[in-house]
Structure formats: C-alpha cells, structure tokens
Amino acid sequence: MAVRTLLKMGDLRLYQIAEAVQDVQADFVKEIIGDMYDTMLKNLGAGLAAPQIGFNYRIIIFGVPTPRYADINDVPPETVLINPEVTVLTQETESYWEACLSVPTLRGLVARPTHIAYRGYDPQGRLIEREATGFHARVVQHEMDHLNGILFPFHIKDMRLLAFEDQEAFQELKQRVREGEFI
Ligand code: NI
C-alpha cells in the first residue's frame, strides 16, 4: 500500500478510456485499491478513480468521510466498484460546485442528473446494485466520468463558473449564482 502521485489535468493518461478488469478478485486489483484508499485519505478526497493514480482500469472508490465534505452524509461509507455501470433515472438535474483531486484548487458548477442506478463488483466478486440521489449520485457520476476520460470542467457550460476556491471572490461568485445571475 502506498500514497501515489495524483495525475493532474493536462496529463494525457487522464483522457483515456479505462480498461475493464477481467478478474475482479485478482491480487493486483486489491493492491491498486489499497493505493487508491491511501492516496484519497492523504488528500482528503470524497472519491477516486484508478486512472487518477496512473492505473488505467475501471475501478472507483468513494464514501470516505472527509472534513472537506463535512456537510455530506448521504454517501455509503467505503464503497469499491469494479467495472461500474450507471443508468440515469431522471431528466431532472441539479448544479453543484464540484472539485477533483486532479483539478486542485478549482471548483466548477456542474449540472448532473439527480437520480441514478449503478452496479459494479467489489473485490470479493460480489455484485453491488444501488440507487442513488443527491451527493451520492453526483460522486458516482463524477468518478465514473474518470473512467471515460472526462474531468468535471468538461461539463461546465459557462466558463466563468470555473473558479479558484481559495479566494474571497469565490464567495461572491457563489452568492451571485444563488441569486440566479448566471442562469
Ligand atoms: Ni475527480
């Protein structure tokens, strides 16, 4: 187990289509997952996809409580999904200021469907099938995107809504968005 270097936006390895895992119970899969947890915990992430630490496989993890998302409590703890599939269950979307360990210090307002179903395998080969709403649905879609070479900024319709979060002006921007200025 090891904390790995996070690949950042601009690294072409983040833009590949990740490969399906043939044997979900293989030892190398467990090693990758261990490194993903170590790296996510060290960096206070809410989720991580294997390509973000340089492994081009369809593996995602999410749901570790982190102070960065203290207000979020609707995500099941410590989920591993191998070869995940997502089905959108509604036309309704919601916008949220997303962040990503591969896009440090930036946040962007991303609209995503609010209700999904997903399925995938855990490292013991058991099928996980769930429905998700709210932040839970968002984090699954965000991590799933990583497996298809997509980072959250690709979804932003108005690039003024991609912003550095470590500045006071960001609070003003968020307030203006709440007031409907950018709709
Ligand atoms: Ni991400």
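Keep in mind it's a predicted model, so treat the numbers as computed, not measured. Positions are given from 1, in the same order as the sequence printed here.
For R112, the salt bridge (Lys or Arg N to Asp or Glu O under 4.0 Å) criterion is met by E98, D145, not counting sequence neighbours. In this structure D38 satisfies the salt bridge (Lys or Arg N to Asp or Glu O under 4.0 Å) test with no other residue, sequence neighbours excluded. Under the side-chain hydrogen bond (donor to acceptor under 3.5 Å, both in side chains) criterion, Y121 pairs with no residue at all, not counting sequence neighbours. Partners of E129 by salt bridge (Lys or Arg N to Asp or Glu O under 4.0 Å), not counting sequence neighbours, listed by chain and number: R119. Among residues two or more places apart in sequence or in another chain, the side-chain hydrogen bond (donor to acceptor under 3.5 Å, both in side chains) test is passed with R178 by Q175. Under the rule for a side chain to side chain contact (heavy atoms under 4.5 Å, CB included), the partners of E181 that lie at least two apart in sequence or sit in another chain are R176. For Q16, there are no side-chain hydrogen bond (donor to acceptor under 3.5 Å, both in side chains) partners at least two apart in sequence or on another chain. In this structure, the side chain to side chain contact (heavy atoms under 4.5 Å, CB included) partners of L6, at least two apart in sequence or on a different chain, are T39, N43, L48, Q52, I53, L101. In terms of the side-chain hydrogen bond (donor to acceptor under 3.5 Å, both in side chains) criterion, N83 has no residue partners (sequence neighbours excluded).
A distance of 12.0 Å separates CG of L173 from CD of E165, quoted to the nearest 0.5 Å. Distance CG/L151 to CG/L106: 11.5 Å, rounded to 0.5 Å. For the atom pair D166 CG and T105 OG1, the distance stands at 5.5 Å (nearest 0.5 Å). Annotation: the span from L81 atom CG to E143 atom CD amounts to 10.0 Å, rounded to 0.5 Å. To the nearest 0.5 Å, atoms CD (E131) and OG1 (T87) are separated by 10.0 Å. Separation of atoms CG (L161) and NE2 (H155) is listed at 15.0 Å; rounding is to 0.5 Å.
Put simply, the side chain of S102 gets close to the backbone of L7: a donor and an acceptor are under 3.5 Å apart.
Across all non-hydrogen atoms, the minimal contact from V110 to F152 is CG2-O, 3.8 Å. When every heavy atom of T114 is checked against every heavy atom of A137, the shortest pair comes out as O-CB, 4.0 Å. A pairwise comparison of heavy atoms in A49 and I60 identifies CB-CG2, 4.0 Å as the closest pair. Considering all non-hydrogen atoms of both residues, V103 and M9 come closest at CG1-CE, 3.9 Å. Listed here is the closest heavy atom pair of R107 and A99: CZ-CB, 4.0 Å. Of all heavy-atom pairs between P113 and V88, the closest is CB-CG1, 3.6 Å.
Below 30°, between 30° and 60°, or above 60°: for Y118 and H136 the angle between ring planes is above 60°, a perpendicular geometry.
Residues L147 and P84 form a side-chain contact, since some pair of their non-hydrogen atoms from C-beta on lies under 4.5 Å apart. Between K30 and Q25, the closest side-chain pair of non-hydrogen atoms falls below 4.5 Å.
No more than 12 heavy atoms of other residues, nucleotides or ligands sit less than 6.0 Å from atom CZ of F164. At most 12 non-hydrogen atoms from other residues, nucleotides or ligands lie less than 6.0 angstrom from CD of Q91.
Among pairs with a residue in residues 149-162, those fulfilling salt bridge (charged side-chain N to carboxylate O under 4.0 Å, His left out) read D158-R160, at least two apart in sequence or across chains. Evaluation of the ring-ring contact (aromatic ring centres under 6.0 Å, His included) test over residues 4-32, restricted to residues two or more places apart or in two chains, returns Y15-F154, F28-Y57. Sorted by first then second residue, the salt bridge (charged side-chain N to carboxylate O under 4.0 Å, His left out) pairs that include residues 84-97, not counting sequence neighbours, number zero.
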